[in-house]
Amino acid sequence: MRIAITRQVSPAITACELTHLEREPIDLDLAIEQHRRYEASLAALGCDVRRLPAEPDLPDSVFVEDIAIVLDELAIVTRPGSESRRAERRSVAEGLARYRRSKRIEAPGTLDGGDVLRSGRTLFVGRSSRTNTAGIEQLRAVSEPLGYVVIPVDVTGCLHLKSAVTAVAEDMVLINRNWIDAAAFAHLDGIDVDPSEPHAANALWVGGTVVCPAAYPGTRQRMEDRGVVVEVVDVSELAKAEGGVTCCSLIFEAREGDRP
Ligand code: CIR
């Protein structure tokens with residue numbers, strides 16, 4: 001069974017962290033409705049969607065991806081690079097406890113889940129404004145004994161590694177080469193985003209389908225031309241908070257013995 005951990009949009013989202021975007025008004029009711037439809041898409045793609053308790057006072061708490069890395073063997077609770085997001089950890093750690101044992105990233109390390117892209121047993125990790133070398137080395141120390149290989153990737157033009165590259169099939173990535181050092185992905189098949197849609201590389205591959213924002217029809221066409229099956233969701237309001245489609249869930253396989 002595939003689990004998708006989510007959390008409802010906080011009414012405080014209007015005070016979210018912003019790094020590369022100018023603040024724009026967010027329609028809260030629409031954001032909540034778009035998030036509900038996003039969850040419905042995940043359910044339709046075979047996920048058992050489980051909502052964490054709401055955190056109404058934490059503006060970015062809908063973006064659960066940044067707070068943990070869930071590997072098959074264990075969960076790693078991150079230490080987000082943005083101090084305002086560190087209080088999100090408690091309830092994420094509690095919510096994951098039934099599925100995995102966990103480790104934590106400790107100071108001085110910082111790591112956002114949005115900087116970790118898993119491809120098989122490889123963990124590409126963005127070195128970004130949110131994730132530092134100490135955080136990457138702690139992730140390496142925890143995961144390499146389990147058989148993972150950690151590959152740091154410099155992120156220059158965007159918030160997280162997964163703002164610029166995501167997996168859309170087993171050996172295929174959707175990529176914006178202008179924002180990262182793309183050399184690490186040279187061995188994988190690549191689909192470049194439509195040049196007029198630089199933010200389109202954040203897509204969510206789940207159950208053989210790629211969930212992609214309605215705002216990027218050119219990139220969607222490029223994927224369909226390559227045989228990728230796409231499901232479109234409108235996440236315009238979450239995008240104003242610098243969030244994409246990977247950010248709003250933690251998706252992993254449940255294992256036998258997990259408590260329901
Ligand atoms: C932040 O700046 O932390 C939030 N406003 C957006 C986080 C988006 N998360 C992600 O890309 N994984």
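One is the number of the first residue; the rest follow in order along the sequence. Atoms within a ligand are numbered from 1 in the order they appear, just like the ligands themselves. Note that the structure is a prediction, hence the values are computed from the model and not measured.
Exactly one of Glu39, Arg36, Arg50, Glu65 qualifies for a side chain to side chain donor-acceptor pair (under 3.5 Å) with Thr6. That residue is Glu39.
Atom CD1 in Ile26 sits 10.0 Å away from atom OG in Ser236 (nearest 0.5 Å).
What sits closest to atom 4 (C) of ligand 1 on the protein, heavy atoms only, is Asp60 OD1, 3.1 Å. The protein heavy atom nearest to atom 9 (N) of ligand 1 is Asp66 OD2, 2.8 Å. Cys247 SG, 2.8 Å is the protein heavy atom nearest to atom 10 (C) of ligand 1. Atom 2 (O) of ligand 1 has its closest protein heavy atom at Arg130 NH2, 2.8 Å. In this structure, the protein non-hydrogen atom closest to atom 8 (C) of ligand 1 is Glu242 O, 3.4 Å.
Between the side chains of Glu231 and Thr209, no donor N or O sits under 3.5 Å from an acceptor N or O.
The minimum heavy-atom distance between Ala169 and Trp205, with the atom names listed, is C-CH2, 3.4 Å. Contact between Val206 and Arg2 at its shortest, heavy atoms only, is CG2-CD, 3.8 Å.
When heavy-atom distances to ligand 1 are checked against a 4.0 Å cut-off, Lys162 has no atom that comes that close, whether in backbone or side chain.
Considering backbone and side-chain atoms alike, Glu65 places an N or O below 3.5 Å from some N or O of ligand 1. Checking only distances, His160 does come within under 3.5 Å of ligand 1, N or O to N or O. Close N/O approach between Ala241 and ligand 1 is found [any backbone or side-chain N/O within under 3.5 Å].
A salt bridge links Glu55 to Arg90: one of the charged nitrogens lies within less than 4.0 Å of a carboxylate oxygen.
Numbered from 1 in the order shown, with element, the atoms of ligand 1 that lie under 4.0 Å from a heavy atom of Gly114 read 12 (N).
His199 and Trp179 have perpendicular rings, their planes meeting at more than 60° on a 0 to 90° scale where under 30° would count as parallel.
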